[in-house]
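The structure under discussion appears below in the form of structure tokens.
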There are 2 protein chains.
Amino acid sequence: MSATDKAEARPPMRDALVAAAFRLFLERGYEQTTVDDIVTLAGVGRRSFFRYFPSKEDVVFPDHERCLADMTAFLAASGTEHEPVRRVCEAARLVLLMYAENPSFSVQRYRLTKQVPGLRAYEVSVVWRYERALAEYLRGRFTGRRDGHLRADVIAAAVVAAHNNALRSWLRSDGRGEATATVDRALEYVRSAFGPHPEPSPDERPTPAGEPPRAAVARPEDVVVIVSRRGTPLWRVVQEIETALGRD
Amino acid sequence: MSATDKAEARPPMRDALVAAAFRLFLERGYEQTTVDDIVTLAGVGRRSFFRYFPSKEDVVFPDHERCLADMTAFLAASGTEHEPVRRVCEAARLVLLMYAENPSFSVQRYRLTKQVPGLRAYEVSVVWRYERALAEYLRGRFTGRRDGHLRADVIAAAVVAAHNNALRSWLRSDGRGEATATVDRALEYVRSAFGPHPEPSPDERPTPAGEPPRAAVARPEDVVVIVSRRGTPLWRVVQEIETALGRD
């Protein structure tokens, strides 16, 4: 019965309600559209609407619950072999992919959300739930570390802010730019600030003439000498120092 | 008429409404208390309540509007002589000071907010407004910098997360700990990640035997040599490198 399972995961009636709602929101405005208007256009009863959406606001963001569940499952399936900052960046990327699945719908919703204060408040509360999911995972990974909870909360907030900055850039471009490249670059900034093993983004890779910085432990044992070419990305220098100093 | 001005800034009727509201919230619960109950206990009319508070939720957080205005004014009065990351940390500290002004009220409200989902949502939206105020200031200061808006948004989010982590620690201790020391330590973590001129927290200061790292520009012009004692806080090394490499 896999066809039925699939239908239950994304039931056509739910999709029809979302489509009807957005058609009316765009035609009449969000405030001027009632749940009754939506169910009439979709050709279903009020109870069907409320089976899928607790309120009119929820129909504007039909995929966040699924995405939050996906993110939580992704993080729960992580092992100690996954570097934690990299892992939360990958988790944040799942949200971006949800938006990028359907660019025109995402852009429409972005415009609608900007106009309706109630929807902005809803969005802020959803963002907060993503942030808490990332922070809870990091708190677990940082158990026993000095200031583990503080680090977890700060890094989760930074990841979410970087993601949202990139997401909004992409939405403002009407979904025409490269969503994943934009978000990866933004997340790389967070990893360069907090993560132990950042990777170069394409425009930060050393020029052919560049050389990676070299760190060497000199005599006496407690002095570290770093030799670096001017223009080397700072994160590469920091990475080299961290390795040399044996920090986590 | 300065006495009148002062009375307008913190009118006794407003304070009486807050006191009446909290007495009822604690006795009966937030949901079970109506605006009518509050005005009856305070001995004023409904219109007086709504003159000060747009809704019942607003009476729970009577000082955030003033604090947001103070923060915005503080940031607007900043000059180019103020290092921007340090400045937003100082701005965030204003929020902490508001909470620390009245510890028992802040602790009561913290407990109430944890129990009432609507108040948590309100708080999340207020936090968002603080974050945007800090981000807008930083965006202005980072104008012309590569990825200026991204940096601004990420740093603002990190500052708010660090502040809130420290604030909640203090509230969980029933307002008994040293609020400012806790928040300063948390903000120092953010400054060590992003700010160009962090100051050592007491437990991170170099040991008497320690020496600051030394960076020297060697021949040829484009090679930088950094000599650092093992155990030097990483932020000090990074600071030295940034200075040597002439980064902003």
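In what follows, chains are A, B, ... by sequence order, proteins preceding strands, each numbered from 1.
No salt bridge links B/Arg191 with B/Asp184; every basic N to acidic carboxylate O contact stays at or beyond 4.0 Å. For B/Glu65 and B/Arg129, the salt-bridge test passes: some basic side-chain N is under 4.0 Å from an acidic carboxylate O. Under 4.0 Å is where a charged nitrogen must lie from a carboxylate oxygen, and between A/Arg120 and A/Glu123 no such pair does.
The most heavy-atom pairs under 4.5 Å with chain B, out of A/Val154, A/Val160, A/Asp153, A/Val127, come from A/Val154. The candidate from B/Ala156, B/Ala186, B/Ala135 with the greatest count of non-hydrogen atom pairs under 4.5 Å with chain A is B/Ala186.
Interface remark: B/Arg168 contributes side-chain atoms only to the contact with chain A (heavy atom separation under 4.5 Å). At a 4.5 Å heavy-atom cutoff, A/Ala121 makes no contact with chain B through either its backbone or its side chain. Heavy atoms closer than 4.5 Å to chain B are found in both the backbone and the side chain of A/Val124. For A/Asn164, no part lies under 4.5 angstrom from a heavy atom of chain B.
Every ring-ring contact (aromatic ring centres under 6.0 Å, His included) that A/Phe61 has, sequence neighbours left out, goes to A/His64, A/Tyr122. Under the ring-ring contact (aromatic ring centres under 6.0 Å, His included) criterion, A/Phe49 pairs with A/Phe53, sequence neighbours left out.
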